[in-house]
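Single-structure report; data block below.
Since we're looking at a predicted model, the values are computed, not measured. So that the names make sense, note that chain A is the first sequence line, chain B the second, and so on, each numbered from 1.
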Amino acid sequence: MIVVNDVSKWFGDVVAVSDVSFRVGPGVTALLGPNGAGKSTMLRLLCGLTTPSQGTVRVLGADPHGDPALYRRVGLVPQQEAVFGSLSGRQFVRLAAHLQGLAQPDAAAVASLHVVELDPDDGRPMSTYSKGMRQRAKVAQALVHDPEVLMLDEPLEGLDPRQRLHLIELFRRLGSDGRCVVVSSHVLDEVERFGSRVLVMAQGRLAAEGDFHEIRALMDDRPNRLRVRTDHPRELAAALLGADSVVAVRLQDDALFVDTDDVGSFRRAVAPAAVRAGARLLELVPLDDDLESVFRYLVGRG
Amino acid sequence: MSVVRGTVVMKRWGATTALSGATFTIERGVTGLLGANGAGKTTLLGLVLGLTKPDGGSLEVLGLDPTTAGPRVRERIGYAPEHDALPPDVKAHDLVRHLAEVHGLPRREATARASDALWHVGLGEERFRPVGTMSTGQRQRVKLAAALAHDPALLLLDEPTNGLDPVQRESMLDLIRRIGSEFGIDVVLSSHLLEEIERVCDDVVILSGGRVVAAGALDTLRRGEAGLVVEIDGDVEAMATRLRAAGLTLTVDGARLVIDGAEDVAADAVRDAAVALGIGLRRVQRRMATLEDVFLAAAS
Amino acid sequence: MGALYRLFLRTQATRGRLIGLLLLGALAVVLGYAVGASPSADPVDDGTILMVSYGLALFVPVATLVFASAVLGEPNEDGTLVYLWLKPIARWRIVAAALAATLTVTLPVVVIPMVAAAAATGAGAPLVRGTLAATVLATIAYTGVFTWLGLRVKRALVWGLAYILVWEGFVARAGANPSRLAIRANARSLLVRMSGGPTRLISVSKPTAIAIPIAAAVLGVVLTIRRLIRQDVA
Amino acid sequence: MSDARIIDQGYRPYEGPRRGRAGAVRSLAWHSVLRALGLRRTPWAKILPIASVVIAYLPAAVFVGVAVLVPKRVRDQANVLPTYHGYYGFITAAIVLFVALVGPEVLCSDRRNGMLGLYLASPLDRGSYLFAKVLAVLPVLGLVTLGPPLVLLVGLTVANAGPEGFGGFLLVFVRIGAAGVVISAAYTALSLAASSLTDRRAVASAGIILTLLLTSVATHTLVERAGANEHIMLLDLFFVPFELVQRIYGDPGIRPSIATGQLAAAELAWTVGAAAVLWWRYRKLTITR
């Protein structure tokens with residue numbers, strides 16, 4: 001649904017995006033990267049809010065910058081907080097519905113406001129809204145015309161835990177029923193709940209693409225680290241070193257930290273080793289196969 | 001002696017009731033302040049700072065009553081607000097020194113402590129650059145340094161990781177943990193990111209509808225019934241039937257097995273069953289409720 | 001495009017702008033009354049000079065600048081333009097709605113005090129008719145130009161004021177040919193021809209005085225549409 | 001025993017004395033003075049304040065120079081030296097520019113860049129915050145209202161062209177003081193009140209200049225051209241303070257028909273009214289939303 005070929009973008013002599021290519025299909029894809037990695041620029045390129053200096057961007061087969069008709073099928077939750085302060089939430093969403101050419105703009109607006117749990121009859125202007133309410137109004141205006149492609153730039157900012165859960169569930173559902181949802185967010189444990197497909201950018205380049213578990217598996221230069229608690233730490237440590245998948249074991253405040261370069265065989269080896277050592281396996285916890293670790297290895301310093 | 005003590009605190013803004021009888025204490029160390037939007041968190045912070053007066057009940061902060069000894073209380077509090085707006089053309093070091101002076105430090109001491117505070121939050125020579133030229137991450141650190149420079153007894157942080165990317169977020173959370181432990185400054189962290197609160201806070205206060213619905217040490221709050229959560233690399237059903245045969249009661253939740261009863265008995269059974277079936281073990285962990293479960297249960 | 005028109009009306013007619021410009025308008029009427037009530041002043045000549053100096057040279061361009069530079073300039077700068085731009089509507093429709101709303105707000109705020117001031121001078125119908133025609137024409141021309149300026153540059157108010165005071169101030173007085181380039185000179189010539197005021201103020205023929213402002217307006221609109229199509233949006 | 005040691009670079013608590021709210025007011029006032037004068041800020045922010053100061057002091061310096069170089073005999077015939085109250089004509093432009101710059105600089109930017117929230121979370125509260133800001137604006141305005149006449153007075157006295165005897169000197173000195181207070185009070189209140197109405201410095205500055213210009217042009221035209229009652233001039237913020245200054249120096253001023261008492265009343269009304277607007281706006285500002 002989205003095709004990006006060798007796209008570069010520079011502002012003056014600053015390179016925001018350099019030579020990036022990827023495709024995005026239906027479902028939820030997370031666009032990740034440190035601040036200044038070019039994420040926002042990439043999202044704006046996908047929406048046609050700016051043009052690539054080089055390369056091509058196609059959304060649903062059309063050029064997002066030159067073809068306003070495409071916007072009938074695209075929804076965006078922008079990063080900036082500014083909204084039309086003098087309008088109420090309902091007027092703001094109804095305006096969007098109207099400009100999208102919907103038959104019943106007000107009915108669509110009311111429906112969209114219910115989805116984000118905003119009261120359509122609350123006539124107060126948005127200048128009096130809290131950050132969380134303004135954010136939900138922005139989401140409502142992006143959903144009101146039932147778009148096929150949805151771009152979300154930090155959509156959960158300012159929302160409380162319950163609201164975050166509600167919207168995560170909503171975006172996941174939108175992704176699962178065939179829409180293409182691109183989410184940019186810094187809160188990785190929430191991104192994991194959207195799905196596992198990620199695009200990681202760093203210094204304007206694409207650092208990795210795909211299911212982050214598989215990306216982690218590709219990192220064979222980074223042994224998997226697990227924490228093990230047991231009633232006989234030294235014995236279990238010795239037994240584990242016997243297993244050839246184990247590269248290192250460290251004993252620290254009554255827990256074992258085990259590094260393995262073949263996590264699959266280690267999983268099968270740990271129970272037998274425990275039996276041999278007569279040790280009880282109280283806790284076995286992988287420490288670095290979550291998205292946060294994958295991100296840090298790809299982008300962080302060490 | 002608790003840092004902050006509130007008894008049946010009431011506060012109304014015109015027609016809406018922001019706090020309807022909140023009773024709580026904030027103990028030493030790092031305390032998480034949680035609540036839905038509009039549950040009264042911001043109002044509570046304002047009351048602790050003595051910016052507004054409660055309509056009922058009483059509040060004691062650092063042993064003083066903020067309604068009468070506002071300035072003396074605020075002198076000992078460092079407050080880092082949620083927005084990261086700062087004067088763009090002022091150098092970070094000048095800004096932090098100025099705020100230290102405004103909190104009562106003499107000029108010479110304020111200059112030295114400003115420099116220390118900026119170094120502690122991890123800003124090197126860029127602390128002499130105008131704040132406007134700094135990244136979101138650096139600006140959040142400047143705000144934290146400004147709240148630390150005058151050696152507060154209590155640090156109020158409102159969503160300190162807002163706008164930070166994962167790597168910056170990680171180092172900010174480490175810094176907050178160090179402030180609560182090494183620096184010996186008590187911290188109240190108001191945030192919506194429960195996973196961060198779990199990583200940094202010793203205890204939490206959960207507000208809902210203007211009242212405290214749950215409070216206490218995180219570990220006690222999260223302690224669910226005894227049991228083990230196990231994820232395996234193979235046939236879940238086979239494992240389940242074998243464990244039931246060994247006399248354990250358990251439920252299967254997708255790829256997870258949730259085993260009730262004593263952890264040590266369950267652990268041994270799981271180990272032996274894995275060896276017997278030649279199945280790999282992905283994860284074995286004590287069953288604990290997440291802060292999210294606690295929050296959703298309390299705030300509903 | 002009613003929705004867009006109504007939106008722009010709402011974002012334009014802000015309290016601060018209306019109060020400020022109504023004060024400027026009130027001053028015009030006060031000055032007009034002063035000319036009328038003063039025994040020594042010649043209503044037609046002094047009235048015309050007042051309408052041309054304070055009116056066309058200051059009040060009309062500044063009032064139009066305040067509204068026109070903000071209609072698209074403000075959404076472009078504060079980041080709300082994306083909610084209009086990322087919609088399946090032709091760009092010229094956005095500009096059309098913006099111009100219509102700007103004129104709906106600016107014309108009354110400018111024309112009513114100017115005509116009232118002209119009447120207060122006691123110079124009679126010719127000055128009133130001349131003021132009405134020149135003011136409407138100038139407002140339309142300035143609206144076109146300043147709407148484009150608001151989109152094109154940051155801090156359009158400062159650039160707009162510079163244009164009014166420096167460019168038009170200099171060019172408008174630099175003799176017949178160059179003065180054609182200043183909207184003010186054309187509007188002034190039209191007003192003076194209709195009011196019968198001092199002929200030294202006339203620098204262009206009547207058809208030119210009408211054609212140039214309209215051309216300026218059209219050029220402004222075209223540039224605005226082109227700009228809206230090609231520019232980056234926050 | 002080696003004398004090597006590692007000094008703990010850890011966090012050092014502060015045990016020393018704290019200066020409380022009074023100290024906070026002093027440091028905020030001093031900080032605001034520096035910002036208003038553009039010190040420790042980008043050169044661009046320094047140009048206007050320094051230009052204003054130059055405009056205000058240059059004439060004084062020139063006159064002192066004339067007094068020193070030109071012999072007394074020639075001076076008296078040409079009557080080139082200004083009267084002390086005449087000198088205020090020279091510094092009007094500088095005063096207006098300062099009034100339009102200082103208020104917005106010390107008030108608007110704090111609200112726009114979030115500093116007000118930080119100040120109110122310090123020992124300061126709204127009252128002491130505004131008090132500190134007034135404390136900052138008065139001396140800055142004094143720089144262009146008190147300074148230039150004092151330079152003139154001292155310069156001329158040194159060039160023995162000053163007032164006769166110590167009594168005369170003291171009289172002029174007191175009058176300069178009184179005049180400075182009269183001008184600074186009204187314009188400080190106006191400047192701060194206007195700056196409390198909007199967060200944007202440029203809009204506040206334009207508002208102040210517009211108000212001064214509008215009231216003076218309107219009242220001036222009505223009185224001159226339309227023969228309206230002279231007391232309308234009491235609405236003119238340009239006229240009232242400077243006319244009062246003339247009266248302080250015993251000069252009947254340009255509108256003798258308006259009694260000095262009425263002038264003083266108008267000055268007081270403007271100052272108190274503006275202060276009321278300022279306090280009303282800051283009292284109802286919501287900071288921690």
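Here the closest non-hydrogen pair linking B/Asp264 and A/Arg280 is CB-NH1, 3.3 Å. The nearest pair of heavy atoms linking B/Val284 to A/Val285 is O-CG2, 4.1 Å. Shortest non-hydrogen contact noted between B/Arg271 and A/Leu281 is CG-CD1, 4.5 Å. Shown here for A/Pro272 and B/Val275, the closest heavy-atom pair between the two residues is N-CG2, 3.5 Å.
If you measure heavy-atom distances from A/Glu154 to chain B, you find no contacts under 4.5 Å at all. No part of B/Glu196 comes within reach of chain A, as not one of its non-hydrogen atoms sits under 4.5 angstrom from that chain. For a residue to count as touching a neighbouring chain, one of its non-hydrogen atoms must lie under 4.5 Å from one of that chain's; by this rule A/Glu157 touches chain B with the side chain only. Heavy atoms of B/Glu292 lying under 4.5 Å from chain A belong exclusively to its side chain. Heavy atoms of A/Ala279 lying under 4.5 Å from chain B belong exclusively to its backbone. For A/Glu283, the parts lying under 4.5 angstrom from a heavy atom of chain B are both the backbone and the side chain. For A/Val270, the part lying under 4.5 angstrom from a heavy atom of chain B is the side chain only. In this structure, the portion of A/Leu165 lying under 4.5 Å from any heavy atom of chain B is its side chain and not its backbone. In this structure, no portion of B/Glu231 lies under 4.5 Å from any heavy atom of chain A.
In this structure, A/Arg193 does not pair ionically with B/Glu195, as no charged nitrogen and carboxylate oxygen lie closer than 4.0 Å.
With contacts defined as side-chain heavy-atom distances shorter than 4.5 Å, the pair A/Arg164/B/Leu193 qualifies. By the 4.5 Å heavy-atom criterion applied to side chains, B/His192 and A/Leu159 are not counted as neighbours. Residues A/Pro161 and B/Leu194 form a side-chain contact, since some pair of their non-hydrogen atoms from C-beta on lies under 4.5 Å apart. Within the 4.5 Å cutoff, side-chain heavy atoms of B/Arg283 are placed close to those of A/Pro286. Contact check for A/His186 versus B/Arg169: side-chain heavy atoms found under the 4.5 Å cut-off.
Of the listed residues B/Ala273, B/Gly163, B/Ser135, the one with more heavy-atom pairs under 4.5 angstrom with chain A than any other is B/Gly163. Between chain B and the residues A/Leu226, A/Leu156, A/Val187, the largest count of heavy-atom pairs under 4.5 Å involves A/Val187. The most heavy-atom pairs under 4.5 Å with chain A, out of B/Ile279, B/Thr161, B/Asn162, B/Val230, come from B/Asn162. Between chain A and the residues B/Gly38, B/Pro166, B/Ala267, the largest count of heavy-atom pairs under 4.5 Å involves B/Pro166. Among B/Gln285, B/Glu263, B/Arg282, the residue making the largest number of heavy-atom pairs under 4.5 Å with chain A is B/Arg282. Between chain A and the options B/Thr136, B/Leu34, B/Leu164, the largest number of non-hydrogen pairs under 4.5 Å is found for B/Leu164.
Within a 6.0 Å radius of CZ in B/Arg177, other residues, nucleotides and ligands contribute more than 12 heavy atoms. Within 6.0 Å of CD on A/Gln203 lie no more than 12 heavy atoms contributed by other residues, nucleotides or ligands. Shown here is A/Arg234, whose CZ atom has no more than 12 heavy atoms of other residues, nucleotides or ligands within 6.0 Å. The local environment of CZ in B/Arg222 is crowded, with over 12 non-hydrogen atoms from other residues, nucleotides or ligands closer than 6.0 Å.
Rounding to the nearest 0.5 Å gives a distance of 9.5 Å between CE of A/Met133 and CG of B/Asn37. For the atom pair CZ of B/Arg199 and CG of A/Asp189, the computed distance is 8.0 Å after rounding to the nearest 0.5 Å. Distance OG/A/Ser185 to CG/B/Asp165: 11.0 Å, rounded to 0.5 Å. Distance check: B/Ser208 OG to A/Asp160 CG gives 9.5 Å after rounding to the nearest 0.5 Å. To the nearest 0.5 Å, the span separating CZ on A/Phe266 from CG on B/Asp233 amounts to 12.0 Å.
Residues of residues 254-261 of chain B never come within less than 4.5 angstrom of chain A, heavy atom to heavy atom.
Panel note: side chain A/Asn35, backbone B/Gly137; no donor-acceptor pair is recorded below 3.5 Å.
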